[in-house]
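See below for the structure under consideration.
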Amino acid sequence: MHLLIFFKKVPKTIPKTVMAKDFSTREENYAQWYNDIVIKADLAENSAVRGCMVIKPYGYAIWEKMQATLDKMFKDTGHSNAYFPLFIPKSFFSKEAAHVEGFAKECAVVTHYRLKNSPDGKGVVVDETAKLEEELIIRPTSETIIWDTYRNWIQSYRDLPVLVNQWANVVRWEMRTRLFLRTTEFLWQEGHTAHSTKEEAIEETMKILDIYATFAEEWMAMPVIKGLKSPNERFAGAVDTYCIEALMQDGKALQAGTSHFLGQNFAKAFDVKYLTKENKLEHVWATSWGVSTRLMGALVMAHSDDNGLVLPPKLAPIQVVIVPIYRKPEQLQAISEVAEKIKKALQDKGISVKYDDRDTHKPGWKFAEYEFKGVPVRLAIGPRDLENGTVEIARRDTLEKETYQMTDIENKVEHLLDQIQDNIYQKAFSFREENTFKVDTWDEFKDRVEKGGFVLAHWDGTSETEIKIKVETKATIRAIPIDGKKEAGKCIYTGNPSSELVIFAKAY
RNA sequence: CGGGGUAUAGCGUAGUCCGGUCAGCGCGCCUGCUUUGGGAGCAGGAGGUCGUAGGUUCAAAUCCUACUACCCCGACCA
C-alpha cells in the first residue's frame, strides 16, 4: 500500500554525536534526563513560588489538546462542566472522616483577608485585625464543597443522575515536588456524579475508567493497566478506587488517572437524600474521577529518548514543521511558495503545520530544536528539492529521513503521522511486556522489584502484608488488574492462599 | 520536618582553604561582514552592589554570625 512506496530507500539516521548537547541521557541520570526535557523542550519551568510551576506556551498547548479531547469524551457521555470555588470552609472538611484524615496534612489554609503597610516601612504585613471568622482551605479536591452544594440540587429521583465535571486547579502541600509529576498546585479535571442506585454509580466509575484508558492508549500512545487499588492506596473517602497505571522507562509505575466509587459516604456526610418513585427517602450514590497535569509527565516519560521529547502526533501542538534551506533571498522566496502550498494542503487535512522561515536561525539549528521539542514530522525543502520536485521528510520517533517526490505529499504525511502514532504505542507496549514479570518466590520478588518493572505476584489480600512488603522493598500494589485471570496461589510474602495476581512496583 | 549540600551576568561555572590588579571563562545576547542540505566563522560590544542583613579588618566574593532561597537523600503524596 501507500507506505511501501513511501519508505523505499534505506533510511539514514542522524549520528548521535551531533545531537542533544548539554543533555543528560536516561542511562546516566534518569531524573535529570526528565528535568532536562521538561525545561529544554519548553514545557514548563520552576516558578518563584516553591513547588509551583509555570507551564510554558508549548507545554500548555499539549495540555490544551489533552483537555479538548477528554472534554469531548466527557460530554459525549452526558457530562456537563461547572465550576466550584477554590476555597472550602474548614468545617466542611471534617464531615467525612476518612477524607479529612487523608488530606488534612497537605492543606493550605487562608486565615486573613487583608494586608497593611509594615510598621517599619518595608513592604506589607498581614493585618491581624482582618482575621477570618472561619478559615478557608484551598481545595486539594472538591468533594466536600460539591456535596454540600448537591444537597440543594437533589430532592427527587427525577433530579438524578447529576453528571458534572470541572476543570480546575487544586493545591496539595507536598514535601517534595517535581515538574508535572508532583507540584504543589496542579491543573486537573474532577468529575463528581450522583446516582440513584449503587449499580449505576459503579457503572459510571467503570465508564470513566474506560475513557481514561482509551485516552491514554489512543491519544497518548501509552499502554495502561486498568485496575482496582488496594485499601492502602484507596482515595480518602472512597469505597473503591480504580486506576489506570502506566510503566515508565525507568521501570517505575505511574498512576495516570483514578476513578472512585464513593458509595454513600459523601451523601451521608453531607446529608444528600432523594425521594424514590416509591416515596422513600434514600441517600444518593456517588463517584468522583480525575486526571491531572501529571499526564504531561507521563507523556514525557513514556516516549522520549536521549535526543529529547517525542510526542504522539495526536497531541503534538505542531505535527509538521517545514524548514526552508537557502542561500539567497530569491531561493527563499521560491521555496516559500512551495512550502506555503504544502502547508495549506496539510492544514486542509486538519494537520497542524508550522513553516519556520525565520532567517535568524540556521537550518541545522532548527532541526535540532524541533527534534528536541518532539515535533513528529519535519519537512526540509532546499534548492535541490525545487529542481527535483522533492522534499526531505524526517520522522522524530525513529530519526529516519528520506527524500520523496512532492506529489501527493499531504497524503504521505498524513499516513506517516498515523504510522508514528502507532509505532510509539507499539514501542511503549513492547517495553511494558518486556518489563512485566510473574514471580513465585520472595527472593525472586525482591530481586525483580529492585530491578524495576511490573511484578505480578500473589498477595493474601491484607493491608498488613502490603505494608510489610512496602517497608521491605519499597514496592506497593499498583493495581489489582480488572481483567486479570483468577488463579489460585500462595501469597508471595506470607504463603497464605490468594485467588489472583496483583501488580507490584515501585511508583512515582 | 530530619540529614547533607549549594548560592558569583539570562544559563553553566572559576576564584573561597591561604583577605589585597579576582571579578574571570563558556554558552546565550547585541552590531557588522562572510555564511545557510545537521546546533556557522571572524571582528567588535553590552551585561554582575559575588543570595540578604550584620560583624571582624586599613582592606571581604574570600573570615565570623544570623537569616532566606534552592538542590539532593529520607518521611508524605496524583
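Reminder, nothing fancy here: chain letters follow the sequence lines and each chain counts from 1.
Using a 4.0 Å heavy-atom criterion, one finds that A:Tyr508 contacts no nucleic acid atom at all. The residue A:Thr183 sits close to a base: some heavy atom pair falls under 4.0 Å. Residue contacts for A:Leu254: at a heavy-atom cut-off of 4.0 Å it reaches no nucleic acid atom on any strand shown. Using a 4.0 Å heavy-atom distance criterion, A:Gln255 is classed as a sugar-phosphate-only contact.
Atom-to-atom, CG of A:Leu179 to C1' of B:C71 comes out at 13 Å; the value is rounded to the nearest Å. Remark: P of B:C70 and CD of A:Gln32 are 18 Å apart, rounded to the nearest angstrom. Between the P atom of B:G37 and the CG atom of A:Leu386 lies a distance of 16 Å, rounded to the nearest Å. Counting to the nearest Å, the P atom of B:C11 and the CD atom of A:Glu45 are 10 Å from each other. Rounded to an integer number of Å, the gap from CD of A:Gln331 to P of B:G37 is 12 Å. Distance, A:Lys362 NZ to B:G41 C1': 9 Å, rounded to whole Å. Atom pair A:Asp359:CG and B:U35:P shows a separation of 13 Å (rounding to whole Å applied). To the nearest angstrom, P of B:G28 lies 11 Å from NE2 of A:His361.
A gap of 6 Å separates the P atoms of B:G51 and B:U8, to the nearest Å. With both ends at atom C1', the span from B:U62 to B:G55 equals 15 Å, rounded to whole Å. Distance noted for atom C1' between B:U6 and B:C50: 14 Å (whole Å). Across B:C17 and B:U65, the matching P atoms stand 15 Å from one another, rounded to whole Å. One C1' atom belongs to B:U13, the other to B:G2, and the distance between them is 31 Å to the nearest Å. Across the C1' atoms, B:G20 and B:C25 are found 23 Å apart, a figure rounded to whole Å. Spacing between B:A23 and B:G47 at atom C1', rounded to whole Å, works out to 13 Å. Nucleotides B:C72 and B:A53 have their P atoms positioned 28 Å apart, rounded to a whole Å.
If you check B:G44 for Watson-Crick or wobble pairing at under 3.5 angstrom, you find it paired to B:C30. Base pairing of B:A59 is not made with any nucleotide, judged by Watson-Crick or G-U wobble geometry with both donor-acceptor distances under 3.5 Å. With a 3.5 Å ceiling on both atom-pair distances, the Watson-Crick or G-U wobble partner of B:G24 is B:U13. Of all nucleotides present, none satisfies the Watson-Crick or G-U wobble test against B:C18 with each distance under 3.5 Å. Pairing for B:G2 is with B:C73, a Watson-Crick or G-U wobble pair whose two hydrogen-bonding atom distances lie under 3.5 Å. A 3.5 Å limit on both hydrogen-bonding distances identifies B:U52 as the Watson-Crick or G-U partner of B:A66.
Toward the 5' end of RNA chain B, the nearer of the two residues A:Ala507 and A:Val391, judged by each one's closest nucleotide, is A:Val391. With RNA chain B read from its 5' end, the first of the two nearest nucleotides for A:Phe235 and A:Asn35 is the one closest to A:Asn35.
Which of B:G74, B:C71, B:G39 sits closest to the side chain of A:Asn46 comes down to B:C71. For A:Lys105, the listed nucleotide lying nearest its side chain is B:C76; candidates were B:G38, B:U36, B:C76. In this structure, the nucleotide among B:U35, B:G39, B:G37 sitting nearest to the side chain of A:Glu392 is B:G37. Closest contact between the side chain of A:Lys474 and the listed nucleotides B:G37, B:G74, B:G38 involves B:G74. Distances were taken from every side-chain heavy atom of A:Met175 (C-beta onward) to each of B:C71, B:C76, B:U36; the shortest belongs to B:C76.
Of the candidates A:Asp250, A:Ile39, A:Leu181, A:Tyr34 forms a side-chain contact (heavy atoms from CB on, under 4.5 Å) with just one, namely A:Leu181.
Between B:C70 and A:Arg50, a contact under 4.0 Å exists linking OP1 or OP2 to a side-chain N or O. A:Arg384 has no side-chain polar atom (N or O) that falls below the 4.0 Å cut-off from OP1 or OP2 of B:G37.
Taking the six-membered ring where the residue is Trp, A:Phe74 and A:Trp289 present tilted rings, their angle falling between 30° and 60°. Note: A:His260 and A:Phe235 have parallel aromatic rings, judged against thresholds of 30 and 60 degrees for the angle between ring planes. Classified by interplanar angle (parallel below 30°, tilted 30° to 60°, perpendicular above 60°), the ring pair A:Trp188/A:Phe186 is perpendicular.
Side-chain contact annotation: A:Glu143 with A:Thr141, donor-acceptor N/O pair under 3.5 Å present. Under 3.5 Å, the side chains of A:Ser336 and A:Asp357 contain no donor-acceptor pair of N or O atoms. In summary, the side chains of A:His112 and A:Glu135 do not present any donor paired with an acceptor at a separation below 3.5 Å, with no hydrogens or angles considered.
Between the side chain of A:Lys401 and the base of B:G37, no donor-acceptor pair of N or O atoms lies under 3.5 Å. Between the side chain of A:Arg378 and the base of B:G38, at least one donor-acceptor pair of N or O atoms lies under 3.5 Å.
In terms of modelled atom types and a separation under 3.5 Å, the side chain of A:Glu45 and the main chain of A:Met53 share no donor-acceptor contact.
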